[in-house]
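Worksheet for the structure shown next.
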Amino acid sequence: MDTSPITPELTYRNALKEGRFMLQVCSGTGRAVFYPRVASPWTGKPLTTWSQMSGQGQVYSTTTVRQRTEKGGDYNVAIIELAEGARMMSRVESVAPDQVEIGMDVVAKIIASPDGEPMIVFVPKTRVVT
Amino acid sequence: MTSNLRARAAVVGVGTTETWNNPGQSSLDQLAIAVQRAAQDAGIAMHDIDGLFTSTLSHLMPALSVAEYLGLRPKVMDGTNIGGSSFIGHLSHAVMALEAGLCDVACVCYGSNQLSAGGKLATLSEPPHWEVPYGPRFPISGYALIAQRHMWEFATSRAQMAEVVVASRAWAKLNPQAFEQADLTIDDVLASRVVSDPLSKADCCLVTDGGGAIILTRADRAKDMPHPPVYVLAAAAAATHRFISSMPDMTTTGAVQSSKAAYEMAGLGPDQIDLLQLYDAFSINVILFLEDLGFCAKGEGGPFASSGRIAPGGALPVNTNGGGLSCCHPGMYGVFALIEAVIQVRGQAEARQVEKFETALVHGTGGQMSSHATAVLGGPSTV
């Protein structure tokens, strides 16, 4: 039986495996916290509340990492600000890397990373058909 | 409270390796050469050093490795590593230790074989596992994200960033010791290969070898040394994050906080600073620091750094040795910024000597614009 403690990071990763994008929310500021941790970086108080993210966000900054075509070509790296206030590194997919713009509305998507672990990426909101 | 550390200690010796490409020499070899030269410059024996302040990219316990190599028995040791600004950060610790009488001769030192060991940034730094899956290049993509945001908020241009690089090269050409001497134009910088938009190879600092060291004593003793003392009028630090995705505001750095404390301690403001040594790991750094250190308004760093203002003959001398972009950058640059400021304040900078050199501000950053350390140095008229 696995007796390892359920850490904030493990809680986050377990939720992602179940298809839910969950983050802790700071009770003092009401802001979601990325990355998961035991105390709020803004108040120092314990983080006890988990909340499911809406997945809505905006590109805060973006860069195209240049890479030779034979190695896979250029790709996007972006800082995304979630509607709930947290900021995280990710990438914007389904659009050319140099077409990603600051201020662009994006939506989170859970995908499998090359090592099989789930990870968060984003796609432009206008491309999402609901 | 902090003002009582103003001018309590002074830099009395500086030293570097002669060149910035030293194949076969280890990091500690190069550090030791710099310490020997700094001790000689100060007119002391190396073994007089009893306070050791050092950091490297290749030693987990740098103070111990350096003390062992040099045969020192330090009474005070500080191996704090806040990235490339560490040595400017060490300055305030050294001044405190001297002032408290915990040591009498403090040495801040660094060495690296970054270039000859393969030309890649070799580092003990842990990979940020929240960022690694997205493939940012370390550290350039962090600075690229900062530059992109600054361009978006303030219409800063790549040409303005190129001005910073071209100014650094013009200074380097006045410094025979500078590593990069080739002519460079704005167009050359703009034509350079982009690595992580908007930053090109030419926007990045050099990768070199090298060692640097400074020696400090209490101000009363400093007067009896071979060179005129260069007083530490202020030294202060700040930190806002470790990795780029946690930077609270990508266009306003911790330099605001560290420089505010430094100006207060020095009793000086930006308009009383004669020359600047700014850690130019990337061209965008200089633009941000000119804003955050109070030399121009937020968002105006691009235009401010242009039209030759920070180049030789310009109104505000910045990075008079050629900086990390054109003089040397052995992985961590902070100590070299300090050394150039000391040489200028002494009036010993020869062809690149600036006209007014009573006060110098040195500012460094470390990590990905994460740590900040500001020092103000002054000549005899400032005390």
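Proteins get letters first, then strands, A, B, ... in listed order; numbering begins at 1 in each.
The aromatic rings of Trp130(B) and Phe34(A) sit perpendicular to each other, their planes meeting at more than 60°, with 30° as the lower class boundary.
Taking 4.5 Å as the limit, every side-chain heavy atom of Tyr134(B) sits out of range of all side-chain heavy atoms of Ile79(A).
Of the atoms belonging to Glu117(A), not a single heavy atom falls under 4.5 Å from chain B. Contacts of Thr62(A) with chain B are made by both backbone and side-chain atoms, with heavy-atom separations under 4.5 Å.
Options Ser90(A), Ser113(A), Pro114(A) differ in how many heavy-atom pairs under 4.5 Å they form with chain B, and the most are formed by Ser90(A). Contact tally against chain A (heavy-atom pairs below 4.5 Å) for Val194(B), Leu199(B), Ile244(B): the top residue is Val194(B). Ranked by heavy-atom pairs under 4.5 Å with chain B, the first of Val121(A), Ile120(A), Asp98(A) is Ile120(A).
Rounding to the nearest 0.5 Å gives a distance of 15.5 Å between CZ of Arg66(A) and NZ of Lys201(B).
The two residues His129(B) and Glu9(A) make their nearest non-hydrogen contact at NE2-OE2, 3.0 Å. Listed here is the closest heavy atom pair of Tyr60(A) and Met250(B): OH-N, 2.9 Å. Looking at every heavy atom in both residues, Met89(A) comes nearest to Pro136(B) through SD-CG, 3.5 Å.
Of all residues spanning residues 140-151 of chain B, those with a heavy atom less than 4.5 Å away from chain A's heavy atoms are Ser141(B), Ala144(B), Leu145(B), Gln148(B), Arg149(B), arranged by number.
The main-chain N or O of Asp197(B) is found under 3.5 Å from a side-chain atom of Thr63(A) such that the two form a donor-acceptor pair.
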